[in-house]
**Student:** 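Shown below is the structure under consideration.
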Amino acid sequence: MTPHRTLYSHLPAIDKLLRDASFNALMHKFGHTQVVNTLREMLEIAREHIRTRETLPSWNDDWATQVQTRLESSQRSALLPVFNLTGTVLHTNLGRALQSEAAIEAVTQVMRHPITLEYDLHGAERGHRDKALASLLCELTGAEDACIVNNNAAAVLLMLAACANGEEVVVSRGELVEIGGAFRIPDVMRQAGCQLVEVGTTNRTHLKDYRQAAGENTALLMKVHTSNYQVAGFTKAVDEAELVALGNELNIPVVTDLGSGSLVDLSQWGLPEEPMPQQLIAAGVSLVSFSGDKLLGGPQAGIIVGKKELIARIQQHPLKRALRADKMTLAALEATLRLYQHPETLVERLPTLRLLTRNAADIAEQANRLLPAFQSKFGAQFTVQVEPCLSQIGSGSLPVDRLPSAALTFTPKDGRGTTLSSLVESLRDSSTPVIGRINDGRLWLDLRCLEDESAFMENLN
Ligand SMILES: *Cc1c(COP(=O)(O)O)cnc(C)c1O
C-alpha cells in the first residue's frame with residue numbers, strides 16, 4: 001500500500017457528517033439537497049487532492065465551515081450591487097440608470113398587489129396597459145399618443161414593422177448607426193421587412209437627396225440620432241423641421257430614432273444639449289422613439305410618441321404583444337415621468353440627473369476627504385492622489401462632451417502592471433465590488449457616482 005492510499009480512509013462518510021450537530025444549522029439554512037450535493041462535490045475534490053498532491057485538503061478537519069463557505073458564495077446573486085467609479089454615469093454593463101426612490105416604491109407596490117394593469121375601474125371596457133403612461137407622455141411631449149415596449153431597439157423595430165413593412169424607408173448614409181451589440185440600422189430594417197433606401201454621403205446629405213429618393217413605394221423618411229459618434233468638419237445634415245416640410249408635401253411621415261433624448265433642457269444645468277422629443281413633436285415629426293434608461297433616468301424601456309393613427313397601427317401589430325413592457329417597468333416608468341411634472345425637484349429626486357449635475361469642486365472635496373484613508377491603506381505600494389478627470393454620460397449620450405470630475409488615482413510605486421492588476425482584483429473582490437478604470441498605468445476611481453460614502457469606506461475595511 002502506497003502511503004497516500006491510507007489518506008483516503010481519513011475522508012469522512014457523508015451520512016456520518018450529516019448526523020453531526022454542526023450540520024443541523026446548515027441543513028436548516030440551505031436544505032438537505034444543497035448540503036448533500038456540496039458534500040459530494042467536496043469529496044470529489046478531496047480525492048483529487050490526495051491523488052495529485054498526496055495530502056489531505058486543509059479543510060479536512062472542518063467540513064462544516066467549508067460547506068458553509070461554499071454555499072454562501074454560490075448563493076451570491078449574479079446581479080451583485082457594485083460601486084460604479086468608472087466615471088461613466090449611464091454604464092450599460094452596470095445596469096444604466098439608477099432608479100428614483102419614487103420608482104422603487106412604485107415597483108414594490110405592483111409586485112406585491114394585484115393592479116389595474118389592463119382593467120378600467122370606471123367602465124366595462126378592458127383597459128390597455130400603456131394607457132396611463134400614454135396620457136402622461138402626451139402631457140410631457142405634446143404628442144397625441146404613445147406606446148411602451150421593452151427597450152428602444154424594440155421600439156425602432158416595431159415602428160418600422162408596423163409602418164413600413166414591405167415598403168421603402170429613406171435614411172441618410174450619415175445616420176446608418178451601429179449602437180453596439182447587434183443593433184445596426186440596416187439590419188433592423190431587414191428584420192422589420194423594410195427596404196432601406198440610403199441617401200447622401202457619410203458627411204453630407206441634402207434635402208434634395210431625400211426628395212429624389214422618395215417615390216411610390218416610400219413609407220417613411222427616417223432620421224436616426226447619431227448618438228454615439230460625431231461627424232465633424234465638412235458636414236451637412238437635414239434637420240427634422242426641413243424633412244417634415246418635405247414629408248408634408250409628399251404625404252410621407254417622418255420618424256426619428258432619438259436614442260437617448262431628454263425630456264428637460266440639460267443646458268440649464270450647464271450640461272451639453274441633447275435633443276428633446278417634445279422639440280421633434282413640435283417640429284411635426286410623426287413618431288419619435290427613445291430609451292427609458294438613458295437620460296430619462298427610468299427603467300429599461302422603449303418609448304414611442306407621436307401621431308394617433310400611427311400609434312394605433314403600432315399598438316395593433318402582433319410584434320407589440322411580443323415586445324410589450326411588464327408591469328414593473330410600467331410602474332417605474334410612470335413614477336419616473338411623474339417626477340418630470342415637478343421639474344423643480346428633478347435634480348434632487350432623479351439619480352441620473354443628480355449624478356450628472358454634481359460639480360467638480362464638490363467631487364474633489366469628497367476625494368480629498370477620502371484620500372488619507374486610502375493613503376494609509378495603500379500607501380506602501382501606491383502613490384495615491386486626487387486628480388482632476390473627465391466623466392462620461394455614457395450609453396451613447398453626448399459622446400464627445402465630458403464632465404469635469406475628480407478621481408483618486410493609484411500609481412504603483414514599483415511601476416509594475418501586475419501590482420496594478422492585483423489592486424484592481426482586490427477591489428473587485430470586496431464584498432461590494434469597486435469598479436474603476438485603468439488609464440495611463442494608473443487606476444482611476446472617479447467619485448462622481450459615489451453617493452454613499454460611509455458604506456464605501458466600510459466596504460474598504
Ligand atoms: C441607445 C440607442 C438605441 C437602443 O436603445 P436601447 O434602449 O438600448 O435598446 C437605438 N438607437 C439609438 C440612436 C440609440 O442611441
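Whatever order the structure lists them in is the order used to number ligands and atoms, beginning at 1. Small disclaimer: the values here were computed from a predicted structure and weren't measured.
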**Student:** Decide whether S395 and R96 meet the rule of one side-chain donor and one side-chain acceptor closer than 3.5 Å.
**Tutor:** yes
**Student:** Any chance the side chains of Q366 and R358 put a donor and an acceptor closer than 3.5 Å?
**Tutor:** yes
**Student:** Taking the basic N atoms (NZ, or NE/NH1/NH2) and the acidic carboxylate oxygens, is any pair closer than 4.0 Å for R338 and E334?
**Tutor:** yes
**Student:** Run the numbers for me: atoms of ligand 1, each under 4.0 Å from some heavy atom of R96, listed by number.
**Tutor:** 6 (P), 7 (O), 8 (O)
**Student:** Check contact between I179 and ligand 1, using heavy atoms of the residue and a distance below 4.0 angstrom.
**Tutor:** yes
**Student:** Side chains of E240 and T256: do they bring a donor and an acceptor to under 3.5 Å?
**Tutor:** yes
**Student:** Go through the steps for S431 and N459 under the test side chain to side chain donor-acceptor pair (under 3.5 Å), then give the verdict.
**Tutor:** CA-CA 7 Å; S431 62; N459 183 56; 3.1 Å; yes
**Student:** So for ligand 1, is S260 a polar contact partner (N or O within less than 3.5 Å, distance only)?
**Tutor:** no
**Student:** Looking at D257 and K223, is there a salt bridge between them, counting it only when a charged N and a carboxylate O are closer than 4.0 Å?
**Tutor:** no
**Student:** Check each atom of ligand 1 against the heavy atoms of F183 and keep those under 4.0 Å away; list them by number with element.
**Tutor:** 10 (C), 11 (N)
**Student:** What do you reckon, does L258 have a nitrogen or oxygen under 3.5 Å from a nitrogen or oxygen of ligand 1?
**Tutor:** no
**Student:** In terms of atom number and element, which parts of ligand 1 are under 4.0 angstrom from non-hydrogen atoms of A153?
**Tutor:** 4 (C), 5 (O), 6 (P), 9 (O)
**Student:** Are D257 and ligand 1 in contact, using a heavy-atom cut-off of under 4.0 Å?
**Tutor:** yes
**Student:** Near K294, which atoms of ligand 1 are under 4.0 Å from a heavy atom of that residue?
**Tutor:** 1 (C), 2 (C), 3 (C), 5 (O), 14 (C), 15 (O)
**Student:** Could you check whether E453 pairs with R369 (Lys NZ or Arg NE/NH1/NH2 to Asp/Glu carboxylate O, under 4.0 Å)?
**Tutor:** yes
**Student:** From atom 13 (C) of ligand 1, work out which of E178, Q300, H225 has a heavy atom at the shortest distance.
**Tutor:** H225
**Student:** Assess the side chains of R448 and S391: does a donor N or O sit below 3.5 Å from an acceptor N or O?
**Tutor:** yes
**Student:** Heavy atom under 4.0 Å from ligand 1: found in N152's side chain, backbone, both, or neither?
**Tutor:** both
**Student:** Could you tell me whether E144 and K307 have a side-chain N and a carboxylate O separated by less than 4.0 Å?
**Tutor:** no
**Student:** Please work out whether any backbone atom (N, CA, C, O) or any side-chain heavy atom from C-beta onward of K223 is under 4.0 Å from ligand 1, and answer side chain, backbone, both or neither.
**Tutor:** neither
**Student:** So for ligand 1, is D293 a polar contact partner (N or O within less than 3.5 Å, distance only)?
**Tutor:** no
**Student:** Please say whether S291 places an N or O atom under 3.5 Å from an N or O atom belonging to ligand 1.
**Tutor:** yes
